[in-house]
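Below is one structure, written out as structure tokens; the observations come after it.
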Amino acid sequence: MTRFLLVTPPLLSHVRAFEALGEALVARGHRAAILLNAGGAALVRSPCIDRFEVGPGAGPAQLTDRPTGLFGILRTVREGAWRTEALVTEGPRLAARWGAEAVLVDQMEPAGALLAEHLELPFLSAAAALPIDPDPAIPAPYLGWPYDPSPEGLKRNRGGERVARLLLRRQRETIRAACSRLGLPLRERMEDCLSPLASLSQTVAGFDYPRAPAARIAALGPFRSTKDNVGVSPLRSDGIRPLVFASLGTLQGHRLGLFQTIARACRQVGARLAIAHCGRLSPAEAATLDAELVTDFLPQRAILAEADLCICHAGLNTVLDALEAGVPVLALPIAYDQPGVAARLVHQGAGLSLSHRLLSPSDLARALQRLTREPGFRREAERLGREIASAGGATRGAELAERLVAETLDGISRSRRLKQPEPA
């Protein structure tokens with residue numbers, strides 16, 4: 001039995017992914033605990049996983065309007081730095097007291113890797129969002145740029161990295177200060193904090209851009225908890241009118257105007273529409289939407305199994321759920337890694353992407369007509385769906401983590417034995 005400490009930001013989709021990995025480790029006879037910033041423990045549902053909080057930090061991401069654009073990026077960076085500072089300050093003590101022997105680290109929280117190195121524990125990175133593992137031919141996840149390995153594309157990516165360095169200054173300062181506090185070699189980027197063993201990713205190879213053969217990314221498919229049952233869809237396909245499922249996720253579900261545009265476009269093309277606003281609309285706002293079903297939450301995988309199309313914010317989990325069901329996606333990326341997810345969707349031919357800014361019902365309707373009339377979109381979605389269904393998810397991730405950690409601990413033990421002086 002190994003005690004695995006899981007470190008992730010208090011963001012719902014990230015917590016759900018790490019909770020699934022923790023449950024899979026417990027099922028294999030290990031212990032698991034999640035370390036989060038103040039208030040984040042309330043997001044953990046599983047009774048078999050211990051949970052610890054540090055504070056004050058920035059606390060969990062609140063379901064309020066998240067700004068986009070430059071101001072949104074700077075705010076997100078600042079909040080991430082607060083969380084990292086709190087984890088670095090209190091995390092080592094909590095991890096040591098619990099008896100952590102290995103760490104699973106969210107790629108978006110560098111404190112986990114620094115904590116593990118400080119305590120001399122083996123650790124693996126896990127990507128709940130798009131992997132950030134560096135590759136000169138692949139743009140940063142938050143950029144919606146197409147894949148272009150030409151000299152011009154490589155130059156463009158280098159330019160994007162230079163701009164990112166300016167925007168992420170606060171983050172770099174925090175990582176450097178954390179290294180100094182913990183007595184570690186100085187580093188400054190999240191990419192510098194990735195595990196040398198492997199990165200466990202929720203993507204599959206067929207969905208991501210092509211990566212170099214040396215990449216240590218284990219493409220495992222979605223990390224799902226045993227509690228994430230498929231459920232029963234409240235709507236069924238009638239085989240006549242296309243059924244469209246629309247969701248903008250837990251952080252963007254308040255965008256009433258965008259939902260109204262989606263409803264008008266579906267009306268124009270004669271499609272049935274089901275909207276899940278994740279509790280972000282009031283009853284009065286929801287009543288203004290011309291859709292067959294408007295509610296807070298739906299059993300997403302169940303309704304996607306009935307749907308013909310999915311319209312979403314290009315959140316990775318929603319897109320993977322749609323593709324697993326063989327459903328083409330119309331992406332309206334808003335923030336975070338959503339532009340990168342949308343760009344990969346287009347690259348693989350399994351969907352289309354439109355800007356959510358100044359989007360007209362007519363523009364959206366034309367995209368919906370393409371997705372329903374051109375069979376190539378569904379064909380590529382079904383291809384990716386087969387890969388996702390067989391990838392292994394959290395179960396395979398736990399198996400890989402168990403093996404790599406055991407090999408590392410065994411190597412450390414042998415090294416220590418060799419260093420011991422022979423008895424006189």
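Just so you know, these numbers come straight off a predicted model, no measurement behind them. When reading the values below, keep in mind they use all heavy atoms of this one structure, side chains included, and skip hydrogens, waters and symmetry mates.
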Taking the side chain as everything from C-beta on, heavy atoms only, tell me whether [X] gets closer than 4.5 Å to [Y].
| X | Y | answer |
| --- | --- | --- |
| W98 | D50 | yes |
| C193 | I175 | yes |
| L104 | L5 | no |
| V44 | L36 | yes |
| Q202 | N317 | yes |
| L320 | L316 | yes |
| H356 | P333 | no |
| L119 | L115 | yes |

Please check if the side chain of [X] supplies one atom and the backbone of [Y] the other of a donor-acceptor pair under 3.5 Å.
| X | Y | value |
| --- | --- | --- |
| H254 | R280 | no |
| R31 | V26 | no |
| D133 | I217 | no |
| E382 | R379 | no |
| T2 | F4 | no |
| R378 | V327 | no |
| R51 | S46 | yes |
| R172 | R187 | no |
| E387 | A205 | yes |
| Q338 | I334 | yes |

Legend entry - Within 6.0 angstrom of R45 CZ, more than 12 heavy atoms from elsewhere: yes
Inset, instruction - Go through L182 and E117 one step at a time and tell me if the side chain to side chain contact (heavy atoms under 4.5 Å, CB included) criterion holds. - result: CA-CA 9 Å; L182 298 177; E117 291 190 32; over 6 Å; no
NZ/NE/NH1/NH2 to OD/OE distance under 4.0 Å, [X] and [Y]:
| X | Y | answer |
| --- | --- | --- |
| E407 | R403 | yes |
| E173 | R165 | no |
| R264 | D290 | no |
| E380 | R383 | yes |
| R224 | D321 | yes |
| R344 | D208 | yes |
| R176 | E188 | yes |

Legend entry - Evaluation steps, side chain to side chain contact (heavy atoms under 4.5 Å, CB included), between L200 and S125: CA-CA 6 Å; L200 313 180; S125 301; over 6 Å; no
Any side-chain donor near an acceptor of the partner, [X] and [Y], under 3.5 Å:
| X | Y | result |
| --- | --- | --- |
| R386 | S390 | no |
| E23 | S225 | yes |
| T8 | E109 | no |
| T203 | S201 | yes |
| R366 | Q369 | no |

State, to 0.1 Å, how close [X] and [Y] come at their nearest heavy-atom pair, and which atoms those are.
| X | Y | answer |
| --- | --- | --- |
| P92 | H118 | CB-CD2, 4.0 Å |
| A24 | A394 | CB-O, 3.5 Å |
| L384 | F207 | CD2-N, 3.7 Å |
| P361 | Q268 | CB-NE2, 3.5 Å |
| L330 | S353 | CD1-N, 4.5 Å |
| L21 | A126 | CD1-CB, 4.3 Å |

Look up atom [atom1] in [X] and atom [atom2] in [Y], then write down how far apart they are to the nearest 0.5 Å.
| X | Y | atom1 | atom2 | value |
| --- | --- | --- | --- | --- |
| L6 | F18 | CG | CZ | 6.0 Å |
| L273 | L289 | CG | CG | 8.0 Å |
| Y336 | H313 | OH | NE2 | 10.0 Å |
| S180 | L186 | OG | CG | 6.5 Å |
| C266 | I311 | SG | CD1 | 4.5 Å |
| R301 | F245 | CZ | CZ | 13.0 Å |

Inset, instruction - Quick one: do R78 and E85 satisfy salt bridge (Lys or Arg N to Asp or Glu O under 4.0 Å)? Show the steps, please. - result: CA-CA 11 Å; R78 183 175 67 250; E85 288 170 356; over 6 Å; no
Inset, instruction - Take R16 and S13, measure what side chain to side chain contact (heavy atoms under 4.5 Å, CB included) needs, and give me the verdict at the end. - result: CA-CA 5 Å; R16 288 288 174 267; S13 61; 5.8 Å; no
Legend entry - Verdict with reasoning, R75 to E79, per salt bridge (Lys or Arg N to Asp or Glu O under 4.0 Å): CA-CA 6 Å; R75 173 175 165 177; E79 291 177 351; 3.2 Å; yes
Legend entry - Qualifying ring-ring contact (aromatic ring centres under 6.0 Å, His included) pairs, either residue in residues 146-181, two or more places apart: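 Of all non-adjacent pairs touching residues 146-181, those that pass ring-ring contact (aromatic ring centres under 6.0 Å, His included) are Y147-Y209, Y147-H347.
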Inset, instruction - List the steps and the verdict of side chain to side chain donor-acceptor pair (under 3.5 Å) for Q107 and S199. - result: CA-CA 8 Å; Q107 288 194 343; S199 291; 3.1 Å; yes
Inset, instruction - Assess whether side chain to side chain contact (heavy atoms under 4.5 Å, CB included) is satisfied between T318 and C310, documenting all intermediate values. - result: CA-CA 9 Å; T318 303; C310 173; 4.1 Å; yes
